Number of protein chains: 2
Amino acid sequence: MDNTETKIIDAARRVFVAKGLDGARMQEIADEAGINKALLHYYFRSKQKLFDAIFEEAFQQFIPTMGATIASGKNPQEIITIFIDAYFRVLEQNPFLPQFVIGELNRDPSRLATFMAEKIGLTSLVDKAMSLFQNEGFNLKNPQQFMISLISMIIFPFVAKPILHHIIFKGDQLLVDQFFAERKSYVTTSALQLLASSLNENN
Amino acid sequence: MDNTETKIIDAARRVFVAKGLDGARMQEIADEAGINKALLHYYFRSKQKLFDAIFEEAFQQFIPTMGATIASGKNPQEIITIFIDAYFRVLEQNPFLPQFVIGELNRDPSRLATFMAEKIGLTSLVDKAMSLFQNEGFNLKNPQQFMISLISMIIFPFVAKPILHHIIFKGDQLLVDQFFAERKSYVTTSALQLLASSLNENN
DNA sequence: AACAATTTTAACTACTTAGTTAAACTTTTT
DNA sequence: AAAAAGTTTAACTAAGTAGTTAAAATTGTT
């Protein structure tokens with residue numbers, strides 16, 4: 001699978017993720033792919049088309065696909081645990097994914113409108129997640145606030161890694177590693193505690 | 001206070017925050033300031049120097065200054081409440097601040113190293129905050145995990161606003177506004193619940 | 001009015017970058 | 001071996017951009 005197109009995609013992903021659309025250079029992508037600029041333009045007619053391919057792929061990875069799990073009939077606590085576990089796996093293998101997707105979406109939010117037009121399944125997934133916390137046997141007052149707190153606690157540390165590294169952990173890489181190693185279990189415990197607290201209040 | 005230098009700073013802040021260092025154009029900053037490019041370069045010799053001025057200012061705003069509050073002798077619950085309230089005020093008035101600072105720091109993390117060399121007060125502030133949760137009468141097991149959860153819940157929604165807007169709230173601006181209006185009190189409640197839960201476990 | 005400070009105009013330089021082109025070269029397929 | 005597909009070389013175009021310059025015009029000051 002290391003044909004030229006794959007090499008280009010891999011190189012483009014690295015460069016775009018590291019430098020963004022504006023900061024990336026076609027020459028650098030070519031160098032990174034071990035080819036020349038002419039061939040790069042032969043495979044992808046323009047920088048924009050290449051970027052679009054990379055961004056779409058990144059966006060798909062970034063948006064959790066939890067349809068099967070939600071439909072599995074498990075209870076909310078189990079689903080939350082599974083969700084956190086699965087999402088952390090994605091982020092641990094693609095630590096720069098959130099900053100890339102979020103950064104580019106902030107630079108050009110119109111990109112999202114285009115995506116939403118295509119993907120109808122996305123919003124319905126959110127609906128299902130919400131109804132998970134608000135049904136006959138389960139009545140969470142602020143399911144959206146809760147869900148956004150959850151994804152905040154998961155994603156934000158990956159986005160703010162330079163700040164954690166230098167300011168909170170004072171440049172100590174070991175502390176940073178330890179923090180991320182413990183993060184998944186900490187967030188899981190916190191989420192379940194928040195859920196329990198919110199439900200108690202409703203009684 | 002609408003002399004030329006101020007007009008330039010204001011314009012540069014708008015353009016840099018919206019488009020980043022790479023995406024910003026000196027011509028656009030000049031237009032935005034209502035002056036011409038020659039005068040812009042007369043006041044700020046280079047794009048980099050202008051950007052540095054804007055970024056330093058933004059960074060100072062972004063990093064919470066809570067020294068006085070922490071030293072006030074109030075208990076952790078009170079300080080957390082004050083912190084959330086104060087930080088939300090900053091972000092509500094500068095909603096794009098986090099994405100700007102974090103985005104530029106991810107693009108060039110070496111910028112932080114420079115800052116840290118100058119500002120010694122910063123790390124000591126973190127120390128004080130930590131000792132707030134770990135002392136004779138108070139023993140929180142994971143003060144760093146807790147603090148990072150707290151700032152995640154506060155900051156992340158501002159960074160991920162396009163995603164909230166389009167995916168979670170399906171483009172409904174009213175729902176987005178409602179979410180942000182309720183966010184401060186929700187996060188405060190959550191933070192205090194997490195704190196209480198963590199302390200109970202230690203007994 | 002005269003002078004000084006500020007700002008504009010407009011052209012310019014130097015450099016970077018995306019994208020193109022055509023011919024030569026190399027590898028793979030038949 | 002011949003043909004086809006893939007790749008390189010190297011030069012080029014066109015456009016954009018940061019930054020400069022000098023003279024003219026405007027505004028503020030004495």
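Values below: all heavy atoms of this structure, side chains included; hydrogens, waters and symmetry mates excluded. Here the structure is a predicted model, which is why all the values come from computation and not from measurement. Just so we're on the same page: letters track the sequence lines, and every chain starts at 1.
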Within this structure, what is the CG-to-P distance between A:Leu39 and D:dA5, rounded to whole angstrom? 16 Å

Without swapping roles, check the side chain of A:Thr6 against the backbone of A:Asp2 for a donor-acceptor pair under 3.5 Å. no

Could you tell me how far apart B:Leu21 (CG) and D:dA18 (C1') are, to the nearest whole angstrom? 12 Å

Length of the line joining B:Arg25:CZ and D:dA15:P, which is rounded to integer Å: 17 Å

Looking only at heavy atoms, what is the nearest atom pair of A:Met26 and A:Leu40, with distance? O-CD2, 3.2 Å

Quick one: A:Asn36 CG to D:dT7 C1', roughly how many Å, whole number? 7 Å

For DNA chain C, which nucleotides open and close the run of contacts to chain A, 5' to 3', at under 4.0 angstrom from a non-hydrogen atom? C:dT17 to C:dT21

Filtered N/O pairs between nucleotides 23-30 of chain D and protein, under 3.5 Å:
none

Would you mind classifying the nucleic acid contact of B:Ala24 as base, sugar-phosphate or nothing, using non-hydrogen atoms under 4.0 angstrom? sugar-phosphate

Would B:Phe146 and A:Tyr186 count as a ring-ring contact (aromatic ring centres under 6.0 Å, His included) if you check the C-alpha gap in whole Å, the side-chain angles of each, and the deciding distance to 0.1 Å? CA-CA 9 Å; B:Phe146 172 74; A:Tyr186 184 86; 7.8 Å; no

Can a donor-acceptor pair be found, under 3.5 Å and without considering hydrogens, that links the side chain of B:Lys47 to the backbone of B:Ala24? yes

How is A:Phe44 classified with respect to the nucleic acid when contacts are heavy atoms under 4.0 Å: base, sugar-phosphate, or nothing? nothing

Taking the six-membered ring where the residue is Trp, are the ring centres of B:Phe16 and B:Phe100 under 6.0 Å apart? no

Spacing of A:Ile8 atom CD1 relative to D:dT8 atom C1', expressed in whole Å: 14 Å

Want to settle it: does B:Thr4 or B:Lys37 sit nearer the 5' end of DNA chain C, counting the closest nucleotide to each? B:Thr4

Given the rule in the salt bridge (Lys or Arg N to Asp or Glu O under 4.0 Å) test, do A:Glu32 and A:Arg14 qualify, once you have shown the distances and angles that lead to the verdict? CA-CA 9 Å; A:Glu32 190 82 10; A:Arg14 284 195 293 275; 2.7 Å; yes

Gap between atoms NZ and C1', on B:Lys47 and D:dG16 respectively (whole Å): 12 Å

With respect to A:Phe158, which candidate in A:Tyr87, A:Phe180, A:Phe179 satisfies the ring pair (Phe, Tyr, Trp, His ring centres under 6.0 Å) definition? A:Phe180

Give the ring-plane orientation class for B:Phe133 versus B:Phe138, where under 30° counts as parallel, over 60° as perpendicular and anything between as tilted. tilted

Over how many whole Å does the gap from B:Gln27 atom CD to D:dA18 atom P extend? 9 Å

Can you tell me the distance, in whole Å, between the CE atom of B:Met26 and the P atom of D:dG19? 6 Å

Donor-acceptor pair, side chain of B:Asn106 and main chain of A:Pro162, under 3.5 angstrom: no

